Amino acid sequence: MTEPSATFLLFGATGDLARRMIFPSLYNLLSDGLLPDDFLIVASGRSEMDDAAFRKEVDDALRQFLAADRYDADVAARFGAMIGYQPVDAGNADQFAKLAQRIDGRLERGLSVYLSTPPSLFAPTAQGLADAGLITPHTRIAMEKPIGKDLASSKVVNDGIGALFAESQIFRVDHYLGKETVQNLLALRFGNVMFEPLWNTTAIDHVQITVGETVGLEGRVSYYDGVGALRDMVQNHILQILSIIAMEPPARMDPTAVRDEKVKVLRSLRPMTDETVKTHSVRGQYTPGAVSGQIVTGYADELGQPSDTETFVALKAYIDNWRWQGVPFYLRTGKRMPARQSEIVIQFKPVRHSIFGRDGHGTGLEPNTLVIRLQPEEYIRLAIMSKRPGLERQVKLDEVTLDVSLTAAFAGQRRRIAYERLILDLLAGDQTLFVRRDEVEAQWTWIDSIIDGWKEANVKPAAYSSGNWGPSSAIALIERDGASWHD
Ligand code: BG6
């Protein structure tokens, strides 16, 4: 399956993700000359609409969501001409037959199907495709999260799709893997000689992964309530980042080698219990407050009723393997945080022996810190010790930073939408940046242990005012260990 697919079939084409991400990404690929001239996009949704009306909707979305300098009327016209719209209700065989007519004669040249629908429609849609004869060895299928809400339900989803497609045809999307900065973690770790020898329990004290968002749940409460931050962000994005940070070096950059190493990490996560959740996890829910100078309402007000769903979670995780023995991984994510800020902090241990004063006291000696900022800015910053200039008898040390601003180093390079990379890889059949079934299941196994622990220990979300880094117990979670969050 090395030929790029000639046809892209999108379910959920009238949805928010399609408008904000998928069509702008496809447009960018076309404008960069990365789609074949006779590429066909078949869009489907439940609404009745003809091609012209739908093309108009896509054009509106492009104008709204593309970066201001990207919209070009000629490219947009060529793009529109590639798109056809076919109304389809899962379970409606006539409509699937019409869909198949639109793709008639093109199946041999590869079909990439993208499911941007609620997961309850994944299996019925796949069945509709099968009945309409659209599944061949040249068909691939991509699906968006959530894949289930726990291990058992994720198996049902995966079994449903797996009954009709081989694993090599299934592309599970985690859009964080499409981000340049996340892929750059591989380059940082395995394209440089100086980090890998220190990347273990001998030199690293702890790791922090933070994904902070300023937004609340505007308009998404119906999906989010009952799901919460643990399932919405940790189960997928944060655990994927963790697996890349913690994995053994894969032998090569190919889908099997990379995913084999990631899944080993995910399987080594120490499960939580009803005892450990009390000290190793914090749940929070935002209440009214101010974010970036704006007064905002609380989660319960947005929902219109009280709820036990967490909008913030902080965890202390352990990876039980040789490399990471005893190294805590502090993970946190939340809505209505003070800043949109995603970063990884590698906190190194102190030097083994200080030659500066007694244990370095009074000299300013501090352990090294490596900060990898993923968004909104992209940089890598290493704090190292340096002698403060001066004639004092006792050497004084100051922290200085080695700064690599990726935005500056690669100025002039367009910042791409994560979905551009993922759609291009889907079309080309490269699964490296997609999540394999065993990864999803290992992720859920660990998440289920936390959810079960919360249930048994009756752990409820603690309130935090919007515009804070979660409840105060989140600070205590890390400070008990003598460390602190890198805010
Ligand atoms: C999604 C979550 O997967 O990721 C959202 O469902 C979250 O709740 C989003 O806001 C964050 O993505 P990004 O790319 O803006 O960091």
Side-chain angles (χ1 to χ4, degrees), residues 12 15-22 24-25 28 65 67 114-119 122 142-149 154 157 171-185 209-244 283-286 291-292 296 299 302-303 307 309-313 331-344 372-378 415-423 433-435 439-440 443-444 447 461 466 469-470:
D16 200 44
L17 185 80
R19 286 165 48 75
R20 283 190 308 119
M21 298 289 172
I22 297 178
S25 297
N28 280 334
F65 295 109
Y114 199 110
L115 303 181
S116 173
T117 61
F122 291 174
M143 50 192 181
E144 278 286 336
K145 76 172 204 9
I147 297 180
K149 61 178 188 34
S154 83
V157 175
F171 291 67
R172 294 179 195 82
V173 175
D174 184 314
H175 79 279
Y176 268 55
L177 295 179
K179 292 181 190 262
E180 283 287 355
T181 44
V182 174
Q183 293 160 43
N184 196 34
L185 297 172
I209 302 176
T210 295
V211 178
E213 297 185 278
T214 51
V215 290
L217 263 307
E218 303 95 349
R220 286 178 79 221
V221 271
S222 58
Y223 149 74
Y224 194 87
D225 197 57
V227 173
L230 182 71
R231 291 184 175 101
D232 183 49
M233 294 294 283
V234 181
Q235 188 273 339
N236 35 73
H237 310 322
I238 291 198
L239 287 185
Q240 282 294 318
I241 295 174
L242 173 138
S243 69
I244 295 174
R283 301 176 78 191
Q285 189 186 89
Y286 62 81
V291 180
S292 318
V296 294
Y299 179 79
E302 282 176 42
L303 185 65
S307 160
T309 299
E310 80 282 349
T311 59
F312 170 93
V313 63
L331 317 175
R332 71 179 166 160
T333 183
K335 305 276 183 199
R336 293 271 192 243
M337 304 274 102
R340 176 169 188 253
Q341 181 176 312
S342 301
E343 69 180 19
I344 299 154
I372 306 165
R373 176 64 69 93
L374 304 178
Q375 55 189 29
E377 316 87 355
E378 302 173 8
R415 229 177 145 163
R416 293 186 174 275
I417 307 171
Y419 284 88
E420 290 178 41
R421 164 90 275 151
L422 297 177
I423 292 173
L433 298 177
F434 293 86
V435 185
E439 289 180 85
V440 176
Q443 289 170 178
W444 275 124
I447 295 296
S466 292
W469 287 108

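Heavy-atom basis, side chains included; hydrogens, waters and symmetry copies ignored. From a predicted model like this one, the values you see are computed outputs, not experimental measurements. Indexing begins at 1, ligand by ligand and atom by atom, following the structure's order.
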- Charged N-O contact under 4.0 Å between Arg415 and Glu378: yes

- Message: According to side-chain contact (heavy atoms from CB on, under 4.5 Å), who are the partners of Asp225, at least two apart in sequence or on a separate chain?
- Response: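 Partners of Asp225 by the side-chain contact (heavy atoms from CB on, under 4.5 Å) criterion, ordered by chain and then number, come out as Tyr299, Leu303, Ser307, Thr309.
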
- Counterpart residues, side-chain contact (heavy atoms from CB on, under 4.5 Å), relative to Glu302 (two or more places apart): Leu217, Val221, Tyr286, Thr297, Arg336

- Message: Ring-plane angle category for Phe434 and Phe171, please: parallel below 30°, perpendicular beyond 60°, tilted otherwise.
- Response: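 The rings of Phe434 and Phe171 stand perpendicular, inter-plane angle above 60°.
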
- Message: I'd like the contact residues of ligand 1, where contact means a heavy atom below 4.0 Å.
- Response: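 Near ligand 1, by chain and number: Lys145, His175, Tyr176, Lys179, Glu213, Arg220, Asp232, Met233, His237, Lys335, Arg340, Gln375.
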
- Of the options Glu343, Gln341, Lys179, which is the one that meets Gln375 in a side chain to side chain donor-acceptor pair (under 3.5 Å)?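 Result: among Glu343, Gln341, Lys179, Lys179 is the only option passing the side chain to side chain donor-acceptor pair (under 3.5 Å) with Gln375.
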
- Task: Tell me, please, which residues at least two apart from His237 pass side chain to side chain donor-acceptor pair (under 3.5 Å).
- Result: Asp174

